[in-house]
Amino acid sequence: MAWKTLDDLDLEGKVALVRVDINVPVEDGRVTDTTRIDKIVPTVKDILAKGGKPVLLAHFGRPKGKIVPEMSLKPLVPALAEAFGVPVHFAEDCIGGPAKRAVAALPEGEVLLLENTRFHEGEEKNDRELAAAMGALGSVYINDAFSAAHRAHASTEALAHVLPCAAGRLMEAELRALEAALGEPERPVTAVVGGAKVSTKLDLLGNLVSKVDNLVIGGGMANTFLVAQGIDVGKSLAERDMADTALEILEKAKAAGCTIILPADVVVAREFKVNAESETVAADACPEDAMILDAGPEAVAQIVKAFEGSRTLIWNGPLGAFEIAPFDAATNAAAAKAAELTAEGRLISVAGGGDTVAALNKAGAAETFSYISTAGGAFLEWMEGKTLPGVAALGA
């Protein structure tokens with residue numbers, strides 16, 4: 001790995017500019033979910049323990065380079081102070097006089113939060129001058145925002161070229177987990193890709209068929225593959241115009257020696273609502289007036305068998321309409337099996353993406369997975385084999 005970590009830096013007496021993702025939900029001036037704040041605590045505490053002064057850089061919302069008072073980071077100060085267990089100060093800007101004065105006045109053992117980086121137009125333009133102005137505030141730069149690493153912004157990419165840099169603990173954990181899953185994985189590797197549309201995950205499928213041994217396709221995407229093979233899926237969600245593309249992916253997988261697993265049986269219903277009347281049929285026997293809403297028990301057995309024969313699992317997207325019962329059954333059963341194999345030390349399991357995290361939490365399996373990425377877009381782009389600017393800059 002070409003990037004440094006906190007262990008490689010001497011932080012004694014130094015101001016550490018730390019890029020974090022604290023884009024948390026706020027209602028009536030109060031933080032309602034501290035998950036993202038909790039995740040940066042190890043980095044901040046380690047910097048303090050090494051005698052450094054953490055100065056936090058973050059964005060909030062999409063102010064488009066303008067000062068939008070309701071997108072100020074100031075309301076986050078109490079939640080940050082509670083999480084870190086030390087006083088947190090605030091500066092009204094992330095560069096210039098207000099920031100310089102706040103950094104100069106920061107007592108040892110305490111933390112400073114700078115105002116929203118996106119209040120400056122140059123942030124999203126990856127402006128070198130803005131990065132230099134930020135860099136003038138500190139001695140080292142630490143990126144702990146993997147979730148923003150797919151964007152080349154001044155505080156995520158340009159700043160890494162201004163100061164000595166390293167990955168924070170959250171970024172380090174994320175990169176190590178991803179490297180273990182797709183960089184140099186223990187084989188065989190199985191990937192689960194679910195969700196509604198093939199069109200949104202073309203790059204992902206194209207990259208995975210050349211990297212993994214088994215590829216499980218679930219959700220509405222699976223219907224498109226069934227249509228491509230001439231199977232009638234009734235009123236199911238399917239991108240019929242993507243049939244040729246689906247066939248190309250199947251051919252590419254065959255050439256690469258990757259086994260594609262499509263559902264052998266499916267759960268169908270006439271309406272999409274909680275506890276709707278449903279039945280299980282063979283994948284090629286969906287009634288004309290019904291919709292496929294989940295994978296069936298035979299499909300789950302096939303997926304479980306693939307898990308049992310694998311050493312590494314990468315998961316993105318649910319197997320069915322997991323939001324409502326009974327169409328969460330396949331996702332829940334497969335997730336439970338993956339969690340069980342992980343707990344037994346037989347599987348390295350890495351999952352990510354919004355719906356995925358929600359589905360695995362609902363299945364009660366998330367806590368047992370080896371690693372759950374909450375990074376959304378960055379996780380997907382990494383799975384697609386793309387270079388993430390924020391990560392590449394750390395090794396530049």
Side-chain angles (χ1 to χ4, degrees), residues 2-4 6 8-9 11 13-23 40 43-44 47 52-74 76-77 80 88-106 111-168 171 377-378 381 386-396:
W3 35 271
K4 290 181 172 167
L6 288 180
D8 301 311
L9 298 180
L11 296 174
K14 291 181 180 170
V15 172
L17 297 180
V18 193
R19 180 56 163 94
V20 294
D21 177 8
I22 45 176
N23 211 0
I40 62 167
T43 294
V44 171
I47 293 166
K53 292 182 170 185
V55 174
L56 309 183
L57 287 162
H59 74 274
F60 192 74
R62 296 189 175 172
K64 305 278 183 207
K66 294 181 174 62
I67 294 173
V68 181
E70 53 269 30
M71 291 185 194
S72 170
L73 286 166
K74 199 170 186 178
L76 275 58
V77 169
L80 290 167
V88 175
H89 306 269
F90 182 74
E92 304 289 341
D93 200 348
C94 62
I95 56 169
K100 282 179 182 167
R101 288 190 291 275
V103 170
L106 181 62
V111 178
L112 172 64
L113 172 66
L114 303 180
E115 184 55 285
N116 196 339
T117 56
R118 288 189 184 172
F119 281 0
H120 292 272
E121 211 179 315
E123 165 69 342
E124 296 191 62
K125 293 180 176 174
N126 201 18
D127 184 78
R128 302 283 151 178
E129 283 181 26
L130 178 61
M134 291 175 185
L137 301 169
S139 316
V140 296
Y141 168 67
I142 292 158
N143 193 342
D144 210 27
F146 178 80
S147 52
H150 59 310
R151 307 193 189 286
H153 290 175
S155 68
T156 62
E157 202 276 338
L159 188 50
H161 301 280
V162 176
L163 295 171
C165 61
M171 175 78 93
E381 288 198 17
K386 292 177 181 168
T387 299
L388 306 182
V391 176
L394 290 179

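Numbering of residues begins at 1 and proceeds along the displayed sequence. Here the structure is a predicted model, which means the values were calculated and not measured.
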Are side-chain heavy atoms of [X] and [Y] found at a separation under 4.5 Å?
X	Y	answer
Leu11	Val140	yes
Leu17	Val55	yes
Val391	Phe146	yes
Cys165	Asn143	no

Using every non-hydrogen atom in the two residues, find where [X] and [Y] come nearest and quote the distance to one decimal.
X	Y	answer
His120	Asp93	NE2-OD1, 2.7 Å
Phe60	Leu76	CE1-CD1, 4.3 Å
Asn23	Gly61	OD1-N, 3.2 Å
Ala166	Leu6	CB-N, 4.4 Å
Ala58	Val20	CB-O, 3.6 Å
Met71	Pro63	SD-N, 3.5 Å

With rounding to the nearest 0.5 Å, note down the distance linking [atom1] in [X] to [atom2] in [Y].
X	Y	atom1	atom2	value
Leu159	His153	CG	NE2	13.5 Å
Lys53	Ser139	NZ	OG	10.0 Å
Ile22	Ser147	CD1	OG	11.0 Å
Asp127	Glu121	CG	CD	9.5 Å
Glu124	Arg118	CD	CZ	4.5 Å
Ile95	Leu137	CD1	CG	8.5 Å

Practice task
Could you please spell out the steps behind the side-chain contact (heavy atoms from CB on, under 4.5 Å) verdict for Val111 and Leu80?
Solution key: CA-CA 9 Å; Val111 178; Leu80 290 167; over 6 Å; no
Residue pairs involving residues 142-163 (criterion salt bridge (Lys or Arg N to Asp or Glu O under 4.0 Å); sequence neighbours excluded):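 Applying salt bridge (Lys or Arg N to Asp or Glu O under 4.0 Å) to every pair that reaches into residues 142-163, excluding sequence neighbours, yields Arg128-Glu157.
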Contacts of Glu381 meeting side chain to side chain contact (heavy atoms under 4.5 Å, CB included) (sequence neighbours excluded), chain-then-number -> His150, Glu384, Lys386, Leu388
The side chain to side chain donor-acceptor pair (under 3.5 Å) partner of Glu123 among Asn116, Thr156, Thr117 is Thr117
message = Evaluate Leu106 against His89 for side-chain contact (heavy atoms from CB on, under 4.5 Å), listing each step before the verdict.
response = CA-CA 8 Å; Leu106 181 62; His89 306 269; 3.7 Å; yes
Which residue is it: Leu112, Leu73, Leu56? I am looking for the one with a side-chain contact (heavy atoms from CB on, under 4.5 Å) to Phe90.
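For Phe90, the side-chain contact (heavy atoms from CB on, under 4.5 Å) test succeeds with only one of Leu112, Leu73, Leu56, which is Leu73.
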So side-chain hydrogen bond (donor to acceptor under 3.5 Å, both in side chains) across residues 65-74, not counting sequence neighbours, yields Ser72-Glu115
Check your understanding: If you measure only the distance, is there a donor-acceptor pair under 3.5 Å linking the side chains of Ser155 and Arg19?
Key -> yes
Item checked: Chi angles and distances behind the side-chain contact (heavy atoms from CB on, under 4.5 Å) call for Leu9, Ile142 -> CA-CA 10 Å; Leu9 298 180; Ile142 292 158; 4.2 Å; yes
